[in-house]
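Numbers here are sequence positions counted from 1. When reading the values below, keep in mind they use all heavy atoms of this one structure, side chains included, and skip hydrogens, waters and symmetry mates.
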Amino acid sequence: MLRFAANNSEMAADTPDAVRYNRVRRWLEIGDFALGLGFLLFLVLTGWSGQLRDWAYRAAFQNYTLAVLLYVLMLLVVAKLVSFPLDYSGFRLERRYQLSNQRLRAWLKDEVKGFIVTFVIGAIVVELLYFAIRQFPENWWLITWALFMGLFIAMAQLAPLILFPIFYKFEPLEDEELKRRLVRLSEQAGTRVRGVYKWNLSEKSKKANAALTGLGSTRRIILADTLLDNYSPDEIEAVLAHELGHHVHKHILKSIAVQAGIALFGFWAANFVLHLAIERWRMFETLSDFASLPLLVLVSTVLSFLLMPALNAYSRFNERQADRYAFQSIHSVDPFISSMNKLAAQNLAERTPSKWVEWFFHSHPAISRRVEAAQNWGRLRLAPASRP
Ligand SMILES: [Zn+2]
């Protein structure tokens with residue numbers, strides 16, 4: 001009994017490496033956020049945004065649409081230069097703890113791709129935003145909200161087809177045994193997932209991962225090859241069952257609904273602040289002055305920051321629901337528990353983060369809690385049923 005207890009507490013303790021890695025990573029995230037906030041404040045308070053706008057106008061021969069495009073480009077370039085040292089530190093950190101398989105060149109290539117994708121999406125969003133502001137000065141925030149939600153839903157649907165393949169390779173899962181298990185799990189759930197894909201994560205990372213992605217006809221489960229290669233069929237089935245739990249409980253759709261509610265409030269707040277900036281603070285002369293963009297981004301950044309604990313709590317609630325779904329659909333919770341332990345070791349995750357870290361930063365419950373929930377489930381639900 002005593003030995004068992006000692007083993008248990010050993011299992012729950014995090015290695016010094018895991019603690020240090022996660023602490024540095026968290027500080028990088030906090031630093032990145034603080035830097036972004038400082039950059040936006042600097043642009044808004046010093047009038048530098050107006051300077052950038054004037055340059056954009058001159059370079060665009062006074063054409064409004066082209067000037068918006070150039071302004072977005074300049075803003076993103078400066079923002080990238082400001083955040084690059086921290087991004088690079090993040091890359092070095094993954095290398096130092098042997099979690100990344102990427103060389104500097106490949107990482108830089110991804111950085112360039114990421115920048116182009118951000119620019120394309122950012123340009124579309126900002127052009128639409130200021131188009132709506134000019135056309136509908138009274139209700140622009142409501143119209144933009146509706147437009148953006150449409151765009152967001154389209155992106156959720158298209159992301160597995162056009163966005164993810166820019167960074168990773170995917171192929172349909174060939175493993176017949178796993179497919180058979182998934183079909184059985186899906187039939188049990190009275191639902192159908194359109195596909196299971198192997199996600200070639202190993203060319204970049206040593207970490208394992210799995211997810212439910214897409215919407216409607218593109219909804220699919222993706223399983224990293226780093227998981228498929230190192231986990232037993234029972235363990236992979238437990239992971240599949242968890243992802244299927246997200247599907248059964250319609251978590252993607254519910255999250256979009258939550259995002260829509262928050263975005264509606266966000267656009268209303270942005271309109272409120274924009275009017276204050278023009279009428280009270282005399283920062284801009286007209287509603288259509290796109291030098292106000294950093295101010296609007298600032299509003300959304302502050303809002304996301306304030307809502308982060310609540311959104312993470314909601315996400316952890318969904319994860320617990322998906323876990324419970326997994327416990328129900330598999331015969332034993334042991335493969336779930338062993339997959340969790342493997343995942344923690346492989347990803348250098350903290351099994352027992354401090355309470356406030358979990359509360360503020362984590363979208364998933366701590367691994368120690370997930371394992372504990374599985375053990376409790378096994379004791380209460382599975383054991384009595386298996387007795388003759
Ligand atoms: Zn999940």
If every non-hydrogen atom of [X] is compared with every non-hydrogen atom of [Y], which pair is closest and at what distance?
X      : Y      : answer
Ile337 : Ala374 : CG1-CB, 3.7 Å
Leu35  : Ser83  : CD2-CA, 4.2 Å
Leu93  : Val24  : CD1-CG1, 3.6 Å
Thr218 : Gln157 : OG1-O, 2.7 Å
Phe336 : Ile330 : CB-CD1, 4.2 Å
Leu296 : Tyr130 : CD1-OH, 3.8 Å

Between [X] and [Y], is there shared hydrophobic-cluster membership here, with clusters defined by ILVMFWY side-chain heavy atoms closer than 4.5 Å?
X      : Y      : answer
Ile278 : Ile133 : yes
Val297 : Leu81  : yes
Tyr325 : Leu253 : yes
Ile116 : Ile162 : no
Leu307 : Leu264 : yes

Under 3.5 Å: donor-acceptor pair, side chain of [X], backbone of [Y]:
X      : Y      : result
Arg316 : Glu358 : yes
Ser205 : Ser100 : no
Arg320 : Ser315 : no
Ser368 : Arg351 : yes
Asn101 : Ser202 : yes
Lys113 : Ile166 : yes
Asp225 : Leu228 : no
Asn139 : Leu142 : no
Asn347 : Ala208 : yes
Thr144 : Ala132 : no

Indicate, with yes or no, if the rings of [X] and [Y] have centres closer together than 6.0 Å.
X      : Y      : value
Phe290 : Tyr71  : yes
Trp268 : Phe272 : yes
Phe84  : Trp107 : yes
Phe267 : Trp141 : no
His251 : His249 : yes

Worked verdict on Glu94 versus Tyr21 for side chain to side chain donor-acceptor pair (under 3.5 Å): CA-CA 9 Å; Glu94 298 289 305; Tyr21 164 71; 2.6 Å; yes

Would you mind telling me which of Arg20, Arg26, Arg23 makes a salt bridge (charged side-chain N to carboxylate O under 4.0 Å, His left out) with Glu350?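 Single salt bridge (charged side-chain N to carboxylate O under 4.0 Å, His left out) partner of Glu350 among Arg20, Arg26, Arg23: Arg26.
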
Applying the salt bridge (charged side-chain N to carboxylate O under 4.0 Å, His left out) criterion to Asp289, which one of Arg134, Arg282, Arg53 satisfies it?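 Result: among Arg134, Arg282, Arg53, Arg53 is the only option passing the salt bridge (charged side-chain N to carboxylate O under 4.0 Å, His left out) with Asp289.
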
Does the side chain of Leu43 come within less than 4.5 Å of Leu52's, by heavy atoms?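 Answer yes - side chains close enough.
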
So, taking the atom named [atom1] in [X] and the one named [atom2] in [Y], what distance separates them when rounded to the nearest 0.5 Å?
X      : Y      : atom1 : atom2 : value
Lys342 : Ser232 : NZ    : OG    : 5.5 Å
Leu201 : Lys198 : CG    : NZ    : 12.0 Å
Ile221 : Ser186 : CD1   : OG    : 7.0 Å
Leu40  : Ser300 : CG    : OG    : 8.5 Å
Asn312 : Glu319 : CG    : CD    : 10.5 Å
Leu108 : Phe91  : CG    : CZ    : 7.5 Å

Kindly determine whether Arg220 and Thr213 satisfy side chain to side chain contact (heavy atoms under 4.5 Å, CB included), including the steps that lead there. CA-CA 6 Å; Arg220 57 190 63 184; Thr213 66; 3.5 Å; yes

Side chain to side chain donor-acceptor pair (under 3.5 Å) evaluation trace for Gln346 with Tyr231: CA-CA 11 Å; Gln346 191 176 353; Tyr231 292 58; 2.8 Å; yes

Dump the intermediate steps for side chain to side chain contact (heavy atoms under 4.5 Å, CB included) on Ile256 and Leu215, then the final yes or no. CA-CA 11 Å; Ile256 290 179; Leu215 207 61; 3.9 Å; yes

Stepwise, does the side chain to side chain contact (heavy atoms under 4.5 Å, CB included) test hold for Leu173 with Tyr197? CA-CA 5 Å; Leu173 189 69; Tyr197 287 76; over 6 Å; no

Please walk me through it: do Asn230 and Glu235 pass side chain to side chain donor-acceptor pair (under 3.5 Å)? CA-CA 10 Å; Asn230 301 311; Glu235 287 166 343; over 6 Å; no

Does atom [atom1] of [X] have more than 12 heavy-atom neighbours from other groups under 6.0 Å away?
X      : atom1 : answer
Gln98  : CD    : no
Phe317 : CZ    : no
Glu279 : CD    : yes
Glu177 : CD    : yes
Trp27  : CH2   : no
Lys254 : NZ    : yes
Lys179 : NZ    : yes

Checking Arg181 against Asp234 for the side chain to side chain contact (heavy atoms under 4.5 Å, CB included) test, could you report, in this order, the C-alpha distance in whole Å, the side-chain angles of both residues, the deciding distance, and whether it holds? CA-CA 9 Å; Arg181 286 185 187 227; Asp234 280 346; 2.8 Å; yes

Pair Asn22, Arg25 - check side chain to side chain donor-acceptor pair (under 3.5 Å), show working. CA-CA 5 Å; Asn22 282 287; Arg25 220 171 82 128; 4.7 Å; no

For the residue pair Gln328 and Arg324, confirm or rule out a side-chain donor-acceptor distance under 3.5 Å.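 Gln328 vs Arg324: no donor-acceptor pair found between side chains.
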
Stepwise ring-ring contact (aromatic ring centres under 6.0 Å, His included) test for Phe360 and Phe305: CA-CA 10 Å; Phe360 199 86; Phe305 177 76; 5.7 Å; yes

On the ring face of Phe115, is Lys80 found with NZ or CZ under 6.0 Å from the centre and within 45° of the axis?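 The answer is no; the distance or angle limit is not met.
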
